[in-house]
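Below is one structure; the comments refer to it alone.
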There are 2 protein chains.
Amino acid sequence: MTCRGPYRREVDEHRVPTIYDVAKACGVAPSTVSRAFSRPGRVNAETAARIRKVAEELGYRANPLARALPTGKTSLLALVVSDVTNPFYFEIIRGAELAANEADYTLLVADVYESAVVERKALERALPLVEGVVLGTSRMSDSAIRVMAQQRPTVVLNRVLTGIPSVITDNARGTRRAMEHLVALEHRSIGYVAGPEASWADGMRWRAMREAADALDVRVQRFGPAAPTLAGGAEAATAVGESAVTAVVAYNDLVAIGLMRGLAAAGVRVPRDVSVVGFDNIFGAELCSPSLTTVAAPLAALGRYAVQTLLAGMTSRTPPQVRPALLPAELVVRESTARRVRRRRS
Amino acid sequence: MTCRGPYRREVDEHRVPTIYDVAKACGVAPSTVSRAFSRPGRVNAETAARIRKVAEELGYRANPLARALPTGKTSLLALVVSDVTNPFYFEIIRGAELAANEADYTLLVADVYESAVVERKALERALPLVEGVVLGTSRMSDSAIRVMAQQRPTVVLNRVLTGIPSVITDNARGTRRAMEHLVALEHRSIGYVAGPEASWADGMRWRAMREAADALDVRVQRFGPAAPTLAGGAEAATAVGESAVTAVVAYNDLVAIGLMRGLAAAGVRVPRDVSVVGFDNIFGAELCSPSLTTVAAPLAALGRYAVQTLLAGMTSRTPPQVRPALLPAELVVRESTARRVRRRRS
DNA sequence: CAAGTCATGGCAACCGCTTGTCGTCCCGTG
DNA sequence: CACGGGACGACAAGCGGTTGCCATGACTTG
């Protein structure tokens, strides 16, 4: 009797009102209700006002699912991060979410535990749901990313991939500043504790270090690679401690902090014996002791700009800009760097 | 010619295959394809196998939107956090996401910047999309939460709300352990730096402190309330420094760390002059100097258990358990607590 | 051998919203 | 006064699945 099809359409008290209910209450067609909301001007102003009023009274809310089905407009964006527990991402997520919300989008944050396999699975799951994707420090191969990118508009963060819009920190300049800072403190032999081989940022940082060393006429030495964690940094401490460098730049803040702790454990004092510089200025860089001098990445801006770039590329007809966006880094000087006292056991 | 209705149904090369394509390729009805996937056993095993094979070849993927529209099964869960940049949440998010993924759900993390207004807006946006909600440290009123909860299955984290499933840390026990620890270190006058008035956890912690103080026969004194941030803790430092307490328990780790820095700035040494204990054991508690003794919350477990509880409540017919789930806290002793040396300027 | 049972696949009606198309009514114009 | 053209609403076909019900045919059973 009440059920005509497989679904209940009877007057269920707890049912949420649809455009059909509004239409009936207004004496117009459902399509008119739809247009009253989505196509201003297409329906008579008075009619539209009446519809809106009735909709309000009924507590009508458009069903985003139903809207998305025919149009594909889910108003969802995905942000894939390699590790949510990495403080590097906190501000990035915040920035991205702010930008998304401003444009009336919802951000879906997916954590992939540093695994390319999980990343692929997460994307597979999320892709049909979202209109665009921001890949934060993706662990996937370039080609895998390219395949992805032709399914949905994509922006990559902290990585450059020709043909795909990307947003990165200007770490070349940042590295240069860090080196100048160390050189000004009379360091002449500087180490670099490398991060994961696969990391695009690591390559850039090391290259920038070598170039800066050339320009400033100091020596650089590479350590590692270290895992991008506290433990990874700590492991590098012995090698650094035994070397002749008087200052070290680490792949990122986590490694830098781990290194400082490792050095402390080995009896090497920071900054008296060795100065340490990190990258990113994550939460914790200021907390540790000594507080960490670091090349601060504009984290919130990175997230925000990535989303804005993504949205811009989604709406414009023209192919997205291909030049990577370079956001400025800034050297934050704290306690972990100091003037060189003497050459250590040269 | 090609377009019959408002949408293109022609053979577009780049179109993603649907059950209709699979059905045609198999010579069966779309409904059979649908059932082959969703209702194992309902269709003949051979037919099902053939359908699956063809689907595989065609690269068919069910469209989650289309599936969700009639059924309401979006496979999405929302986790609302008061502030994504708060390290308290990192592990919670991770745990929640793991549990969600295990159950083939995707987690939608919404950040509400500590604002009840934003929280309500975020929920309004996400609610029609998700099947259930975990409220992490909600800033909304009890009644607002209850209204929410009758629209979608809800679990609250770090808060108890009669009639709504909740998961919390056993901070009463944790507080007791912290007090016993301090008393064992001969502290007899202990302070509590309170958190936000509106915080449910704050009330619980303060109450547990008083009870423990009674039982252990020591005095407690309340400071604050402080904002739950580093700055908030730092502001409380003067009051604490001028008081007669020899040990302080802070509302959370952020406040504790801020307090330590404030004390340091005021020339009060931790732990020599004052011992400090925090709550939660966030990232950073171990990094700061001195490293922080804290009542560790089982963060990942909290997130994981909240999601599991939510999922359990969603599938079972019976009303969800009402007793709040108590997850054990553990006292992590580090450098910020030490034996009382002498009574400070009594 | 007739009737009842069960397994299996197909039909078609939904979910709620969007949108191309068409009919109607009203107005202005030659 | 007839006709062309807007403005506005209604109609209905989709989007891609799910699912109640029915038809068919094979198999069981008395």
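Just so we're on the same page: letters track the sequence lines, and every chain starts at 1. In this text the structure is predicted, and so the values were computed from the model without any measurement.
- Within 4.0 Å of A/Ala62, counting heavy atoms only, lie sugar-phosphate atoms of the nucleic acid but no base atom.
- For the helix from C/dC1-D/dG30 to C/dG30-D/dC1, the terminal axes (five pairs an end, C1' atoms, rotation from four pairs onto the next four) enclose an angle of 50°, given to 10 degrees.
- Within 6.0 Å of NZ on B/Lys121 lie no more than 12 heavy atoms contributed by other residues, nucleotides or ligands.
- The distance between atom CD of A/Glu46 and atom P of D/dC8, rounded to the nearest whole Å, is 10 Å.
- As rounded to whole Å, 18 Å separates atom P of C/dC15 from atom CZ of A/Arg67.
- Side-chain atoms of A/Ile19 lie closest to C/dC17 of the nucleotides C/dC17, D/dG16, D/dT18.
- No donor-acceptor contact under 3.5 angstrom links the side chains of B/Ser34 and B/Arg67, judged on distance only.
- As rounded to whole Å, 12 Å separates atom P of C/dG16 from atom CG of A/Leu69.
- Between B/Ser34 and D/dG17 there is no side-chain N or O to OP1 or OP2 distance below 4.0 Å.
- Salt bridge annotation for B/Glu57-B/Lys53: present, with a cationic side-chain nitrogen under 4.0 angstrom from a carboxylate oxygen.
- Note that CG of B/Asp142 is 4.5 Å distant from CG of B/Leu161, once rounded to the nearest 0.5 Å.
- Using a distance-only test at 3.5 Å, with no hydrogens or angles considered, a donor-acceptor pair links the side chain of B/Thr154 to the main chain of B/Arg152.
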Nucleotide N/O of nucleotides 7-10 of chain C paired with protein N/O under 3.5 Å:
unit_1, atom_1, unit_2, atom_2, d
C/dG9, OP1, B/Thr47, OG1, 2.4
C/dG9, OP2, B/Asn44, N, 2.8
C/dG9, N7, B/Arg42, NH1, 3.1
C/dG9, O6, B/Arg42, NH2, 2.7
C/dG10, OP1, B/Ala29, N, 3.4
C/dG10, OP2, B/Ala29, N, 2.6
C/dG10, OP2, B/Thr32, OG1, 2.6
C/dG10, N7, B/Arg35, NH2, 3.3
C/dG10, O6, B/Arg35, NH2, 2.4

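- No engagement by A/Phe37 is indicated, since no non-hydrogen atom pair under 4.0 Å with the nucleic acid exists.
- In terms of phosphate contacts, B/Arg39 brings a side-chain nitrogen or oxygen within less than 4.0 Å of OP1 or OP2 of D/dT19.
- Taking all atoms of both residues into account, the shortest heavy-atom contact from A/Leu108 to A/Ala126 is CD2-CB, 4.1 Å.
- Rounding to whole angstrom units, OH of residue B/Tyr20 and P of D/dC15 are separated by 8 Å.
- Considering every non-hydrogen atom in both B/Leu157 and B/Val134, the closest pair reads CD2-CG1, 4.4 Å.
- Going from atom CD of A/Glu97 over to atom OG1 of B/Thr85 covers 11.0 Å, rounded to the nearest 0.5 Å.
- Checked against side-chain contact (heavy atoms from CB on, under 4.5 Å), B/Val118 has the following partners two or more places apart in sequence or in another chain: B/Val112, B/Tyr113, B/Ser115.
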